[in-house]
Undergrad: 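Below is one structure. I have some questions about it.
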Amino acid sequence: MQDLVPIPFLRAKPCAFIALSLMLIASNAFGAESVCFGGTAKGRLENGVALPQSGPNFTAYSRFASTLDRTYVHSKVADVVGEAYAALAKAQKDLVFVYGESGHEKGGPFPPHRTHQNGLSVDFMVPVRNKAGRSVALPTHPLNRYGYDLEFDRRGRMKDYRIDFEAMALHLEALDRSAKKRGIGIERVIFDPAYLPLLFATSRGVYLQSEMTFMRRQAWVRHDEHYHVDFALPCKPLR
Ligand SMILES: [Zn+2]
């Protein structure tokens, strides 16, 4: 009988093995699935994963956000967000997107947001077009509180920028389709109710109205520069 081939990894010194294991666990490198507890307004998260800083057609609202522990989500939500951007990169190459805040690696209170506590909430900054009609990233920097202080008018305009409702509708549809494919869903979308007719007038309006739930009343802060998405998946009770 042939001898078993020794595996060098298993012959490493125990201390090196333990150190490596701790590093991998700390970075969630095994891709362990996240576990959420409680609800979006009072909850926590285990094995949270950071959204990627950027991709071919998207960036985070801040280069430093990931180092500030503000862009973590449930692993399934990360998969959905990534898949939706990838689908859009293939089908709508000219569109660029910016995402906003999501939550802490371990969830919990996330001021100034009232929710975002269990890895299932993500803010997306509105996709915009510039004066030339080109899809560009929303300008986000410390002076406009990373985009959150921007104010758009009734028609979705701000200086040389206008909200690209068509791109936003395509993004929401991509998120919804990806979420459903993965056996989760979208609980609700919060966006300024005054803009909903403009969103529903796009080519994806019928899909959005029949497949997704939008909050119809005004939220505690105006959601004109971003739309908030709560994903739906079962969480364990918060003890
Ligand atoms: Zn939010």
Side-chain angles (χ1 to χ4, degrees), residues 34 36-45 48-53 58-62 64-66 68-78 80-82 84-85 97-128 137-138 140-142 144-152 156 158 163 165 167-169 171-172 174-176 178-179 184-196 199 208 212-233 235 238:
S34 304
C36 55
F37 296 82
T40 56
K42 193 172 177 19
R44 65 183 183 90
L45 181 65
V49 299
L51 289 169
Q53 178 83 41
F58 71 91
T59 55
Y61 69 114
S62 156
F64 307 108
S66 44
L68 295 174
D69 186 19
R70 299 188 72 83
T71 56
Y72 282 82
V73 289
H74 190 289
S75 52
K76 283 190 173 175
V77 171
V80 168
V81 171
Y85 281 141
F97 297 89
V98 178
Y99 71 82
E101 302 207 295
S102 51
H104 293 311
E105 184 175 8
K106 295 182 188 306
F110 190 58
H113 306 264
R114 288 188 176 177
T115 57
H116 290 255
Q117 290 209 17
N118 64 351
L120 304 187
S121 305
V122 185
D123 284 349
F124 297 97
M125 311 316 286
V126 285
V128 291
L138 186 73
T140 56
H141 47 72
N144 61 23
R145 224 165 48 95
Y146 299 100
Y148 282 91
D149 274 352
L150 294 173
E151 290 287 338
F152 285 83
M158 180 206 55
I163 298 175
F165 291 101
M168 180 180 160
H171 180 231
L172 284 172
L175 286 173
D176 190 63
S178 174
I184 67 174
I186 289 178
E187 181 81 27
R188 63 174 180 171
V189 177
I190 303 175
F191 189 45
D192 191 335
Y195 288 155
L196 292 182
L199 189 64
L208 299 185
M212 302 180 73
T213 302
F214 290 81
M215 194 165 92
R216 302 290 177 148
R217 61 181 168 78
Q218 193 64 255
W220 68 288
V221 288
R222 188 174 172 228
H223 284 58
D224 58 328
E225 73 293 318
H226 79 278
Y227 42 111
H228 168 111
V229 177
D230 284 328
F231 291 85
L233 64 100
C235 295
L238 184 68

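Whatever order the structure lists them in is the order used to number ligands and atoms, beginning at 1. From a predicted model like this one, the values you see are computed outputs, not experimental measurements. The analysis underlying the following values was restricted to heavy atoms, covering all of them including side chains, and did not include hydrogens, waters or symmetry mates.
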Undergrad: What is the name of the N/O/S atom of D123 that is nearest to the Zn ion (ligand 1)?
TA: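 For D123, the N/O/S atom sitting closest to the Zn ion (ligand 1) is OD1.
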
Undergrad: Do the side-chain N and O atoms of H116 and E101 include a donor-acceptor pair separated by under 3.5 angstrom?
TA: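 No pair is found: no donor N or O on one side chain lies under 3.5 Å from an acceptor on the other.
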
Undergrad: Working to the nearest 0.5 Å, report the span between NE2 of H74 and CG of L233.
TA: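 Between atom NE2 of H74 and atom CG of L233 there are 5.0 Å.
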
Undergrad: Would one find an N, O or S atom of E101, in either backbone or side chain, under 2.8 Å from the Zn ion (ligand 1)?
TA: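 It does not; every qualifying atom lies at 2.8 Å or beyond.
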
Undergrad: Would you please indicate yes or no on a ring centroid separation below 6.0 angstrom for H226 and Y99?
TA: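 No, the ring centres sit 6.0 Å or more apart.
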
Undergrad: Could you confirm whether H228 has any N/O/S atom lying under 2.8 Å from the Zn ion (ligand 1)?
TA: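 Checking H228: at least one N, O or S atom is under 2.8 Å.
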
Undergrad: Measure across F165 and L199 and return the closest heavy-atom pair with its distance rounded to 0.1 Å.
TA: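 Looking at all heavy atoms of both residues, the closest pair is O-CD1, 3.6 Å.
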
Undergrad: Tell me, please, if H116 has any N/O/S atom, main chain or side chain, under 2.8 Å from the Zn ion (ligand 1)?
TA: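 Yes - counting backbone and side chain alike, H116 has an N, O or S atom under 2.8 Å.
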
